[in-house]
Amino acid sequence: MIDVRVLRSDPELARQAQRRRGESPDLVDEILDRDEKRRTAITAFERLRAEQRTLGKQVARAQGDEKAELLVRTKELSTLVKEAEVAQTEAEQAFQAALKRLPNIAAPEAPAGGEDDYTVIEHVGAPRDFAAEGFEPLDHVELGKRLGAIDIERGAKVSGARFYYLTGVGADLELALVNMAMDQARGAGFTTMITPALVKPPAMDGTGFLGQAAADVYRLPAEDFYLVGTSEVPLAAYHADEILEPDTLPRRYVAFSPCYRKEAGSYGKDTRGIWRVHWFDKVEMFTYTTLEQSYAEHEKMLGWEKQWLSKLELAYRVIDTAAGDLGLSAARKFDCEVWIPTRGGYGELTSTSNCTDFQSRRLNIRGRFPDGVKPLATLNGTLVAVPRAVVAILENHQQADGSVRVPTALQPYLQGRTSLEPVQ
RNA sequence: GGAGGUGUCGCAUAGUGGCCUAGUGCGCCCGCCUGCUAAGCGGGUUGAGGGUUAUCCCCUCUCGCGGGUUCAAAUCCCGCCACCUCCGCCA
């Protein structure tokens with residue numbers, strides 16, 4: 001949620017930001033119009049309410065005829081106050097509804113445009129040249145079968161399309177990745193968390209996932225729960241309605257959780273294998289800090305993600321996501337995209353967003369600072385989304401004999417194994 | 001799932017319709033006093049919104065949340081939520 005005072009003082013900034021996202025600037029003016037009506041309604045209510053309170057005190061002291069006369073007026077006022085209160089509430093709700101639709105103001109550095117308008121910040125490592133090595137790489141589905149690591153057929157039998165089992169070394173690989181990620185984050189000062197995967201509507205809405213992303217969210221209507229698509233949701237809502245002391249900042253949390261996504265609108269896209277699935281496990285970093293510190297923190301998040309990918313010995317590039325591809329809450333987003341041999345291109349493995357004070361305003365997360373109580377900034381970043389990491393490792397580290405080399409850093413987490421061998 | 005209890009300004013508490021502009025203690029902040037510290041004394045200390053915006057000032061809301069009764073609600077009534085105790089069920 002954007003500070004309405006920013007919209008009042010510099011509406012053109014917000015209109016411009018909307019255009020850079022490829023969205024209509026008219027929403028800004030609709031919000032300002034509703035703000036005007038809201039303030040008029042508040043003033044009207046408060047004037048009546050003040051009169052009611054003043055007269056109410058006189059009633060308490062008055063006697064006889066004087067009291068009777070006052071009661072005539074106060075009874076009238078009682079009705080007027082109630083009407084004015086209803087009008088104020090309605091104006092407030094109309095205003096809030098419009099304001100909540102407005103996405104975060106994209107950072108000036110974020111490229112304008114949509115999904116394909118990203119800029120590449122850097123390349124790290126070179127894609128492996130299988131042709132030079134003299135063999136054709138297998139995809140992760142075939143490798144997963146040979147290793148006894150991934151069972152997609154039975155995933156579909158039990159749960160349907162886009163579900164899978166990790167079996168044997170596949171399951172071992174998940175636990176190894178998760179433990180390694182947790183160790184790295186813990187070493188960087190993060191507090192380890194295991195978070196609820198079912199949340200109530202305010203948590204989902206406050207994090208910004210009931211906007212454009214609502215179609216992608218699983219809901220349990222009977223109990224009014226949502227299944228989270230990322231532990232960003234329970235981590236952001238963790239400090240909702242709290243005022244944090246500045247000397248406890250930054251607060252860094254790392255969570256392991258399952259993630260559930262409908263993947264609506266992706267029909268026919270990435271249908272093979274486990275690249276895009278309805279459920280997966282993920283280790284996610286999350287930071288609460290000041291708005292001023294958030295930009296440096298965002299660089300740190302990216303640094304931790306790069307460190308992680310390097311330990312997995314993967315070639316990747318970093319992109320600066322375009323404004324139109326930021327989602328509702330983010331002001332800026334960096335994706336790390338790893339080279340996937342059988343895709344013949346880069347695919348997103350991790351992503352880190354600076355949501356500035358956008359989520360904090362929705363979730364009412366504030367800090368007590370010398371110059372007042374102010375909303376904090378929130379940032380999130382993937383360390384490991386398990387299935388995609390498994391795909392990247394299997395495909396990039398496969399050998400001509402069908403085995404898969406285990407990256408050195410990961411070996412201690414896989415009972416010292418240096419390679420995964422085919423079982424058939 | 002059932003029964004009972006509890007929810008007040010950081011913490012602990014007072015408050016059974018108008019004297020609540022929510023009192024008191026603790027904690028915290030500022031100042032005074034004081035060789036230092038403690039004690040003592042004085043003041044301040046929820047958050048949000050509106051008017052005005054030159055820091056002041058004025059007003060409204062905020063006693064778990066939402067309704068209702070009333071001229072007037074922390075206080076009375078209804079619903080919901082959270083927590084505690086016990087029972088049931090379950091991993």
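Here is the naming used below: chain letters follow the sequence lines, and residue numbers restart at 1 for every chain. Remember, it's a predicted structure, so these values are computed and weren't measured experimentally.
Separation of atoms NZ (K374(A)) and CZ (R361(A)) is listed at 10.0 Å; rounding is to 0.5 Å.
Atom NZ in K67(A) sits roughly 12 Å away from atom P in C71(B) (whole-Å rounding). Taking atom CD1 on I365(A) and atom P on G47(B), their separation rounds to 18 Å, with Å as the unit. As rounded to whole Å, 12 Å separates atom P of A48(B) from atom CG of D241(A). In this structure, CG of D35(A) is placed 7 Å from P of G50(B), rounded to the nearest angstrom. In this structure, L48(A) places its CG atom 12 Å from C1' of U60(B), rounding to the nearest Å. Summarising the geometry, the separation between CD on E46(A) and P on A48(B) is reported as 16 Å, rounded to the nearest angstrom. Atoms CG (N364(A)) and P (C65(B)) sit 13 Å apart, rounded to a whole Å. We find that CD of E85(A) is positioned 8 Å from P of G67(B), with the value rounded to whole Å.
A gap of 43 Å separates the C1' atoms of U70(B) and G88(B), to the nearest Å. Nucleotides C61(B) and A39(B), compared at atom P, are 39 Å apart to the nearest Å. If you take atom C1' in A12(B) and the same atom in C28(B), they sit 15 Å apart, rounded to whole Å. The C1' atoms of A74(B) and G7(B) are separated by 12 Å, rounded to the nearest whole Å. Nucleotides G31(B) and U21(B), compared at atom C1', are 26 Å apart to the nearest Å. Comparing G18(B) with C77(B), their P atoms sit 16 Å apart, to the nearest whole Å. Taking atom P on both nucleotides, A73(B) is separated from G67(B) by 14 Å, rounded to a whole Å. U6(B) and G15(B) are spaced 14 Å apart, taking the P atom of each and rounding to whole Å.
Checked against C71(B), G51(B), U60(B), the side chain of R39(A) finds its nearest nucleotide in G51(B). The side chain of V373(A) sits closest to G47(B) out of U60(B), G47(B), U70(B). In this structure, of U60(B), U21(B), G50(B), it is U21(B) that holds the atom nearest to the side chain of K57(A). Counting only heavy atoms from C-beta on, K75(A) has its side chain closest to C71(B) among C71(B), G18(B), U70(B).
Side-chain contact, E421(A) with S419(A): a donor N or O sits under 3.5 Å from an acceptor N or O. For the residue pair E395(A) / T342(A), a side-chain donor-acceptor distance below 3.5 Å is found, with atom types taken as modelled. In this model, no donor atom of one side chain and acceptor atom of the other lie less than 3.5 Å apart for D172(A) and Y413(A).
Projected onto RNA chain B by closest heavy-atom contact, F45(A) and K200(A) fall at different nucleotides, the more 5' of which corresponds to F45(A). Comparing R368(A) and E51(A) along RNA chain B, the residue whose closest nucleotide (by nearest heavy atom) sits nearer the 5' end is R368(A).
Contacts of R5(A) with the nucleic acid, taken as non-hydrogen atoms under 4.0 Å apart, are absent. Residue contacts for E76(A): at a heavy-atom cut-off of 4.0 Å it reaches no nucleic acid atom on any strand shown. Note on L71(A): a base of the nucleic acid sits closer than 4.0 angstrom, heavy atoms only. When heavy atoms are screened at a 4.0 angstrom cut-off, R361(A) is found touching no nucleic acid atom at all.
Both distances falling under 3.5 Å, in either a Watson-Crick or a G-U wobble arrangement, place C80(B) opposite G64(B). G25(B) is paired with C11(B) under the Watson-Crick or G-U wobble criterion, all donor-acceptor distances under 3.5 Å. The partner of C41(B) is G31(B), by the rule that a Watson-Crick or G-U pair needs both atom distances under 3.5 Å. With both pairing distances under 3.5 Å, U85(B) is matched to A3(B) as a Watson-Crick or G-U wobble pair. Of the nucleotides present, none pairs with C36(B) by Watson-Crick or G-U wobble criteria with both distances under 3.5 Å.
A close approach under 4.0 Å does not occur between any side-chain nitrogen or oxygen of T74(A) and OP1 or OP2 of A72(B). Residue R366(A) has no polar side-chain atom (N or O) positioned under 4.0 Å from OP1 or OP2 of G47(B). When the side-chain nitrogen and oxygen atoms of R53(A) are compared with OP1 and OP2 of C61(B), one or more of them lie within a distance under 4.0 Å. Phosphate contact (OP1/OP2 of C71(B), side-chain N/O of Q52(A), threshold under 4.0 Å): absent. An OP1 or OP2 oxygen of G50(B) is reached within less than 4.0 angstrom by no side-chain nitrogen or oxygen of R49(A).
In terms of polar N and O atoms assigned as donor or acceptor, the side chain of E92(A) never comes within less than 3.5 Å of the base of G49(B) in a complementary pairing.
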If you look only at distance, which donor and acceptor atoms sit under 3.5 Å apart when one is on a side chain in residues 148-161 of chain A and the other is two or more places apart or in another chain?
residue, atom, partner, partner atom, Å
D151(A), OD1, E153(A), N, 3.4
D151(A), OD1, R154(A), N, 3.0
D151(A), OD2, R154(A), NH1, 2.7

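For E12(A), the salt bridge (Lys or Arg N to Asp or Glu O under 4.0 Å) partners are R15(A), R19(A), not counting sequence neighbours.
R251(A) forms no cation-pi arrangement with Y288(A), by the criterion of a distance under 6.0 Å to the ring centre and an angle within 45° of the ring axis.
D224(A) has no carboxylate O lying under 4.0 Å from a charged side-chain N of K200(A), or vice versa, which leaves the two without a salt bridge.
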